[in-house]
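Notes to accompany the following structure.
Counting from 1, the numbers follow the sequence of the chain as shown. Every number for a ligand or one of its atoms is a count from 1 in the order of the listing.
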Amino acid sequence: MELRIDRVSKQYKNKLAVDRVSLELHEGVYGLLGENGAGKTSLIRMVCGVLRPSSGSISFDGLDVGDEEYRAVLGYLPQDFGYYPEFSAQDFMYYMASLKGLNKARARARTRELLELVSLSDVAKKKIKTFSGGMKQRLGIAQTLLNDPKLLVLDEPTAGLDPKERIRFRNLISRLGRDRIVLLSTHIVSDVEHIAGTILLMKEGRLLQKGSLEEVTQVIQGKVYELTACAERAEELARSYVVINYRSEGEKVFLRFVCEGQPPEEAAAAPAGLEDLYLYYFSEAKGHE
Ligand SMILES: Nc1ncnc2c1ncn2[C@@H]1O[C@H](COP(=O)(O)OP(=O)(O)O)[C@@H](O)[C@H]1O
Ligand SMILES: [Mg+2]
């Protein structure tokens, strides 16, 4: 199983939203992480064949993104997925199944299986307008699975989920990633930290980093420090380094920051995580350098 993205770019009128992205994806969960405007949705829409690349090519196991067979192996949850509030979960699934060309018997069987998978069996006959954000997202994912896609693409699927729903969602995605390619986008670090085998870090249309959590955080390993200082000293340090965390603790201030050169004497080294990396790449301080 292989999704090939080969030097794909997207130029809107005067905005280069995706800049020569190349990737090869195999079975597993890929977390496309980047701030708003990074180009995630544009890339995803091209992978799903709803937006034409300005240049470059996309294929899955030799099928071109434009082929009908490609669409048959694809499951897609758009960022702005429209639900029908008056539909019940079950009727919505039947409706989506008919759009995807499933026959009645198959639609019923798949709907039962998938509502069970996303833990919505109990509310199958309830109207969608009564659902929480997490329940709607799970229904959105269930409909992407109707055709048992080999390539599952989810654009910001955790937006609006509460912490409990988030954990539930992670477990579901981990399970789905066992025998297919799952590509999900998010601007929330903890989403990918826990479920993505491979992290894809995107900024200003370009792919900055690709790899496991250990691999992508390597660039700042040994450069993350912590210290506690008086407010005045903390302010001074905060102007010189990329601050990851700045927290008042009574009279004192706790500071976590990235330091490329010689750290201040009183600082202690700390292991770097994805949050550190994200802030390192996306913090205001870095952008203004
Ligand atoms: N249809 C469009 N026309 C012009 N510019 C667009 C269009 N869609 C997105 N953009 C711009 O392209 C950039 C990337 O947007 P998008 O792909 O939605 O990023 P993300 O999903 O990471 O937030 C942004 O600067 C956005 O304003
Ligand atoms: Mg987006």
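Atoms of the protein (N, O or S only) found under 2.8 Å from the Mg ion (ligand 2) are Thr41 OG1, Gln79 OE1.
Between Tyr94 and Phe92, the distance from one ring center to the other does not fall under 6.0 angstrom.
Here Glu68 does not pair with Arg71 in a salt bridge; the nearest charged N to carboxylate O distance is not below 4.0 Å. Asp155 and Lys40 are not joined by a salt bridge, as no carboxylate oxygen comes within less than 4.0 angstrom of a charged side-chain nitrogen. Contact check on Arg168 versus Glu165 returns no salt bridge, with no Lys/Arg side-chain nitrogen under 4.0 Å from an Asp/Glu carboxylate oxygen. A salt bridge does not link Glu27 with Arg180: none of the charged nitrogens is closer than 4.0 Å to a carboxylate oxygen. Between Glu35 and Lys203, none of the side-chain N atoms (NZ, or NE/NH1/NH2) sits under 4.0 Å from a carboxylate O, so this pair counts as no salt bridge. Comment: Asp276 engages Arg256 in a salt bridge, judged by a side-chain N to carboxylate O separation of less than 4.0 angstrom. Salt bridge status for Glu249 with Arg247: present, with a side-chain N to carboxylate O gap under 4.0 Å.
Below 30°, between 30° and 60°, or above 60°: for Phe282 and Tyr278 the angle between ring planes is between 30° and 60°, a tilted geometry.
For a heavy-atom separation below 4.0 Å, the residues in contact with ligand 1 are Tyr12, Lys15, Ala17, Glu35, Asn36, Gly37, Ala38, Gly39, Lys40, Thr41, Ser42.
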